[in-house]
Amino acid sequence: MLIAVAMFSIMDTSMKVLSSHYPAMQVTAMRALSSLPLLCGYLAYRGAFRRVLKIRWPLHLLRGVVGIVMLTTFAYGLKTLSMAEAYSIFFIAPTLITALSVFILKERVDAAQWCAIGVGLVGVLVVLRPDGSGFLTMGGLAILAAAACYAVSAIASRVLSRTDANESIMFSLLVLMAGGGLSLSWQGWVAVRQEDMLVLLALAVSGFLGQLAMTEAFSKGKASTVAPFEYSALAWGVAIDWLLWQVLPDGYTLLGAAIIIASGVYLVRRETVHAESEHP
């Protein structure tokens, strides 16, 4: 998971660099298109192409649409926010996943978990600024929308994992995001500059390796042990902000991130305890 987070941090940095010159929807298309050849090579190596289309199409199409919105809003938010600020807001995703699991997956959430969900939302408000100045920025709202889309996608993945292979889930998402992003950004497409080729290469490799590492992490370890390491992204965000843009997060951002992380870790561990008690 630590390797996955490091790779995704490089991927997000690449998206932030690209979003300063290209439209957000085009960045989404480039993200999917750049990693697709690597994934195809990986599937061919594993001989998995025969089963990638044996899928439940409606849910895969939903994930494709949500994935496009998620990456586009995230790229848009990165235009104005630092990496640390974006990650701090995005950390609300595990909390949203827990809340959605009640209504969609009919999972049980007790009073303590609902309190943790409320605490996590308070943390988001702290990052977005208590006086409202941060909450009204389009960048902050865009990252919050991206987190909500990620939560919906994660719930759909849980349902799909019961019947569909991981390779199918990865392949369909990239193909749908590539096709949808390309068609939606085609009219306003900006010619790719020669100097951005290395950034695109970093985007492709880091996105592909990050997805493989995350899949491996959750297949080998308990969610309660693995998931909290996702929050190491904040350290990467702070370091990258300082190294590339000489920006450091303020006190509100760090305080809000701490609140969100604490609630998220509690929810992950609480959910695992419930799962183990129901299936000893």
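In this text the structure is predicted, and so the values were computed from the model without any measurement.
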Next item on the list: Could you pull out the closest heavy-atom pair between A48 and V52, with the gap in Å?
Entry: O-CG1, 3.2 Å

Checklist line | Contact list for residues 76-99, test salt bridge (charged side-chain N to carboxylate O under 4.0 Å, His left out), sequence neighbours left out | finding: E85-R129

Next item on the list: Would you check if V124 and I260 make a side-chain contact, meaning some heavy-atom pair closer than 4.5 Å?
Entry: yes

Notebook entry, point to check: Is the number of heavy atoms from other residues, nucleotides or ligands under 6.0 Å of I3 CD1 greater than 12?
Noted result: no

Check: Given S82, which of L248, V247, I240, D250 fulfils the side chain to side chain contact (heavy atoms under 4.5 Å, CB included) condition?
Finding: V247

Next item on the list: State, with a plain yes or no, whether a side-chain heavy atom of L203 is found less than 4.5 Å away from one of R31.
Entry: yes

Next item on the list: Decide whether T28 and T72 meet the rule of one side-chain donor and one side-chain acceptor closer than 3.5 Å.
Entry: yes

Next item on the list: Check the surroundings of atom CZ in F8: do more than 12 heavy atoms from other residues, nucleotides or ligands lie under 6.0 Å from it?
Entry: yes

Notebook entry, point to check: With under 30° as parallel and over 60° as perpendicular, where do the rings of W189 and W186 fit, or are they tilted in between?
Noted result: tilted

Next item on the list: Say whether R63 and S157, considering side chains only, have a donor N or O and an acceptor N or O under 3.5 Å apart.
Entry: yes

Notebook entry, point to check: Could you give all pairs that pass the salt bridge (charged side-chain N to carboxylate O under 4.0 Å, His left out) test and reach residues 139-164, with sequence neighbours left out?
Noted result: E107-R158, R158-E271

Margin query: Within the structure provided, determine whether M170 and L212 are in side-chain contact (heavy-atom separation under 4.5 Å).
Written below: yes

Note to self: Tell me if the aromatic rings of F90 and F74 count as close, with their centers under 6.0 Å from one another.
What the structure shows: yes

Checklist line | Exam field: side chain S183 to backbone G180, donor-acceptor pair closer than 3.5 Å | finding: yes

Checklist line | Straight-line distance of L33 CG to L174 CG, nearest 0.5 Å | finding: 9.0 Å

Checklist line | From CA spacing to verdict: side chain to side chain contact (heavy atoms under 4.5 Å, CB included), L18, L200 | finding: CA-CA 8 Å; L18 293 171; L200 282 171; 3.9 Å; yes

Next item on the list: Evaluate the criterion side chain to side chain contact (heavy atoms under 4.5 Å, CB included) for residue pair L39 and F208; output intermediate values, then yes/no.
Entry: CA-CA 7 Å; L39 179 59; F208 171 69; 4.2 Å; yes

Margin query: Please determine whether the number of non-hydrogen atoms from other residues, nucleotides or ligands lying under 6.0 Å from atom CD of Q246 exceeds 12.
Written below: yes

Item checked: Any side-chain heavy-atom pair of M11 and V205 under 4.5 Å -> no

Note to self: Quick check: closest heavy atoms across S19 and A75, and the distance to 0.1 Å?
What the structure shows: CB-O, 3.6 Å

Margin query: Are there over 12 heavy-atom neighbours, none belonging to F91, within less than 6.0 Å of that residue's CZ?
Written below: yes

